K.L.:
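Quick one: the structure is below, and I'll ask about it shortly.
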Number of protein chains: 2
Amino acid sequence: MEKKLPTIKEIARRLNISASTVSRALHDHPSIGLRTKMAVKKLAAELNYEPNQTAIFFKQRKTFTIGLVLPNLREEFFSAAINGIEDVALDHNYIVLIGQSHDDLAREQKLVETMKNHRVDGILASISSSTTHIEHFEQMKNYDIPVVFFDRVPDAKDIHSVSCNLYDSSVEAVEWLIRNGHKRIGYLQGPPTLNMKHERLDGYMEAHKKHKLPVDESLIVSTNLSVEGTRSAVDALLQLKKRPTAILSFNDYVTLDAIQYARQKKLAINKDICFVSYANVPVTQYVEFPPLASVEQFPYDQGVSATELLFRLIDKKVAGQESPYENIVLKSELIIR
Amino acid sequence: MEKKLPTIKEIARRLNISASTVSRALHDHPSIGLRTKMAVKKLAAELNYEPNQTAIFFKQRKTFTIGLVLPNLREEFFSAAINGIEDVALDHNYIVLIGQSHDDLAREQKLVETMKNHRVDGILASISSSTTHIEHFEQMKNYDIPVVFFDRVPDAKDIHSVSCNLYDSSVEAVEWLIRNGHKRIGYLQGPPTLNMKHERLDGYMEAHKKHKLPVDESLIVSTNLSVEGTRSAVDALLQLKKRPTAILSFNDYVTLDAIQYARQKKLAINKDICFVSYANVPVTQYVEFPPLASVEQFPYDQGVSATELLFRLIDKKVAGQESPYENIVLKSELIIR
DNA sequence: GAAGTTAGGACAAACGTTTGCGCGAAATGC
DNA sequence: GCATTTCGCGCAAACGTTTGTCCTAACTTC
């Protein structure tokens with residue numbers, strides 16, 4: 001059953017010409033006569049010839065493949081980002097290798113390693129929540145594989161990245177709450193590794209400062225994103241003698257868990273307590289009590305932007321040029337329901 | 001900046017031995033002496049040698065890559081299926097190329113074409129809703145690339161597939177509704193291309209037959225899965241003089257739209273009208289009125305099973321053996337909330 | 001000590017494609 | 001009609017690895 005796929009050599013043999021001529025003919029190289037060009041193309045079509053990409057990859061040192069490493073696909077944010085990534089990649093005739101870290105550093109490392117072995121031309125990454133260092137990404141420099149981080153960007157200097165400005169929208173979100181009469185606003189943050197740039201927290205602080213509201217440290221709690229983590233964090237807030245009337249929380253998924261827990265505790269959502277969040281994932285439209293507002297982070301645009309940056313880096317690499325580190329910041333937008 | 005990655009040749013040159021010896025030494029070939037073996041490994045480690053996979057792919061005619069073509073990643077069903085696929089693939093030291101058809105036949109064709117060019121070792125596919133023929137998949141036979149369909153399986157003979165038995169659970173679902181007193185049960189089906197095997201409909205019919213209930217054709221409507229399509233289909237049901245008291249609907253996403261529409265029409269969910277559905281996606285746990293029951297289709301297991309089948313096919317292909325067409329059917333399960 | 005065995009490694013081809021170089025013949029210029 | 005350019009194409013190397021075959025020296029065996 002070993003079907004022998006037609007090769008350039010085969011065409012050359014049949015036409016009694018050399019392989020190089022065939023190659024050039026197929027590429028419309030100017031130094032090939034029209035007659036041979038026609039003959040080659042005709043036979044190629046008849047034989048259903050298709051170039052062996054693995055041979056080309058090998059020779060050209062390019063695979064027309066980009067690697068995508070992200071925490072998971074379950075979150076609508078990431079699946080939306082992929083749409084942008086895939087669209088740009090397909091435009092460039094590239095295809096996407098995917099890998100989910102499931103927020104596990106070891107798995108993330110293995111994925112990067114595997115992608116390196118596959119000689120991807122570049123890597124897009126959103127780091128896992130347990131990623132405490134990024135050596136595995138930095139090593140890619142030794143292989144001339146550019147890396148662009150998006151959304152979950154590590155707090156390091158010498159990297160390329162695309163992310164949303166969450167500072168401004170965090171200020172805006174908290175101000176919105178303040179304007180709506182809230183004076184005690186809780187902040188439910190994510191795990192430390194994802195807060196390294198603490199844009200959200202800085203925005204939270206700034207809004208308090210602007211409105212001369214004191215910041216109560218006990219109003220700031222953390223979750224590791226798990227249901228239990230979120231519950232105990234929310235619990236800590238609800239146990240306070242002076243409980244917050246509103247909570248700004250890490251993202252919509254966390255918020256859904258938080259709301260569920262608050263309801264379980266017999267709190268009236270949007271009366272006893274309000275929620276404002278990040279991500280603005282579409283699925284919240286179906287739930288009874290969605291967050292009152294959520295910061296749209298434009299995953300599709302982030303994906304597009306990151307992929308375009310990656311291709312610029314790949315092109316420069318091919319041209320042998322050095323690229324300065326680029327850190328693109330897109331703006332986010334507070335969506336009020 | 002052209003970093004020269006170390007190669008076998010380089011190691012051979014430095015050690016004044018031949019490349020073949022180096023290759024064999026690295027592979028612990030028995031005909032290489034311990035001394036040279038050690039020397040080679042030592043130098044390889046020092047130079048940080050890593051085999052150039054593209055060269056190996058080229059030579060071995062294998063890429064250790066499988067292609068995955070599916071409608072979209074937004075649906076939790078597919079992102080859950082990927083988890084199974086990825087886990088099995090990683091176990092086999094394979095990596096996954098991904099492509100979303102977005103329910104567009106042309107895009108699906110392009111993706112398959114691109115994956116073929118990348119010489120993937122096999123393809124996993126869940127067809128788009130606009131896929132009216134599967135020539136593009138059948139052509140893969142000419143390239144010795146096995147294809148395994150999962151979940152959304154075309155209605156054809158000569159294919160490999162993994163899917164859920166929806167007939168039994170459909171009977172069960174409708175019987176459950178009947179036992180709960182419903183006599184007029186609507187059926188909101190998906191687009192024709194996805195109903196080719198009409199397991200759901202057959203089950204719906206069978207349950208009616210078993211309970212000697214007449215089937216009213218006007219209770220059977222279709223949606224193209226879009227929000228508008230679903231709304232007008234539901235509308236048709238609600239307009240009936242004798243409106244159904246329950247609706248069995250294509251999947252949870254459709255159901256969420258349907259429920260939203262019904263509420264908009266001032267119907268009391270679970271009183272005026274009940275919903276039972278397929279997929280059992282986790283996100284329904286956060287909504288106010290989830291479907292009363294949903295058929296779990298075990299996406300992770302489907303992914304695992306499909307990928308394992310694919311690897312069996314790949315192995316047989318390598319061994320030059322012919323494989324009979326396998327159509328694995330997993331059972332589904334009606335989950336009652 | 002001669003014949004046979006074995007261990008250890010070299011050589012070269014092969015996978016399919018691309019590309020720099022060069023060469024002969026036709027076409028052009030005067 | 002000779003010199004020069006242009007055109008069309010072939011030759012061979014190269015990418016990095018694997019693998020079948022062959023070779024040589026050392027070792028065994030009697």
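Hydrogens, waters and symmetry mates play no part in the numbers below; they use all other heavy atoms, side chains included. Just so it is clear: chains get the letters A, B, ... in the order the sequence lines come, proteins before strands, and each one is counted from 1. Just so we're clear, the structure is a prediction, and the values are computed from it rather than from any experiment.
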K.L.:
Does C/dA10 have OP1 or OP2 under 4.0 Å away from a side-chain N or O of B/Thr21?
P.N.:
yes
K.L.:
Picking from D/dG8, C/dG16, C/dT19, which would you name as closest to the side chain of A/Asn52?
P.N.:
C/dG16
K.L.:
Taking CD from B/Gln53 and P from D/dC15, how many angstroms apart are they, rounded to a whole number?
P.N.:
19 Å
K.L.:
If you measure from OG on B/Ser79 to CD on B/Glu86, what distance do you get to the nearest 0.5 Å?
P.N.:
11.5 Å
K.L.:
CD1 of A/Ile11 versus P of C/dT17: gap in Å, rounded?
P.N.:
8 Å
K.L.:
Quick check on the 6.0 Å ring-centre criterion: do A/His118 and B/Phe57 meet it?
P.N.:
yes
K.L.:
In whole Å, what is the span from the CZ atom of B/Arg61 to the C1' atom of C/dT17?
P.N.:
13 Å
K.L.:
Can you say whether a donor on the side chain of B/Thr54 sits under 3.5 Å from an acceptor on the base of D/dC15, or the other way round?
P.N.:
no
K.L.:
Assess whether a salt bridge exists between B/Asp103 and B/Arg152, defined as any Lys/Arg side-chain N lying under 4.0 Å from an Asp/Glu carboxylate O.
P.N.:
yes
K.L.:
Less than 4.0 angstrom between a side-chain N/O of B/Ser20 and OP1 or OP2 of C/dA10, yes or no?
P.N.:
no
K.L.:
So A/Tyr49, base contact, sugar-phosphate only, or nothing? Heavy-atom distance under 4.0 Å.
P.N.:
sugar-phosphate
K.L.:
What is the distance from CD of A/Gln60 to P of C/dG16, rounded to the nearest Å?
P.N.:
17 Å
K.L.:
Rounded to the Å, how far apart are A/Leu34 CG and D/dG8 C1'?
P.N.:
12 Å
K.L.:
Expressed in angstrom and rounded to an integer, what is the separation of B/Arg119 atom CZ from C/dC15 atom P?
P.N.:
14 Å
K.L.:
Confirm from the modelled atom types if A/Ser18 and D/dC11 form a donor-acceptor pair under 3.5 Å, side chain to base only.
P.N.:
no
K.L.:
Between A/Arg24 and A/Thr7, which residue's closest nucleotide on DNA chain C lies nearer the 5′ terminus?
P.N.:
A/Thr7
K.L.:
If I take atom NZ in residue A/Lys9 and atom C1' in nucleotide D/dC11, what distance separates them, rounded to the nearest angstrom?
P.N.:
14 Å
K.L.:
Between atom NE2 in B/His27 and atom C1' in D/dT18, what is the gap in whole Å?
P.N.:
8 Å
K.L.:
On DNA chain C, compare the nucleotides closest to B/Lys59 and B/Gly33; which residue's is nearer the 5' end?
P.N.:
B/Gly33
K.L.:
Using the rule for Phe, Tyr, His and the six-membered ring of Trp, do B/Phe58 and D/dT17 stack at under 5.5 Å and under 30°?
P.N.:
no
K.L.:
So how far is it from B/Asp155 CG to B/Thr193 OG1, rounded to the nearest 0.5 Å?
P.N.:
11.5 Å
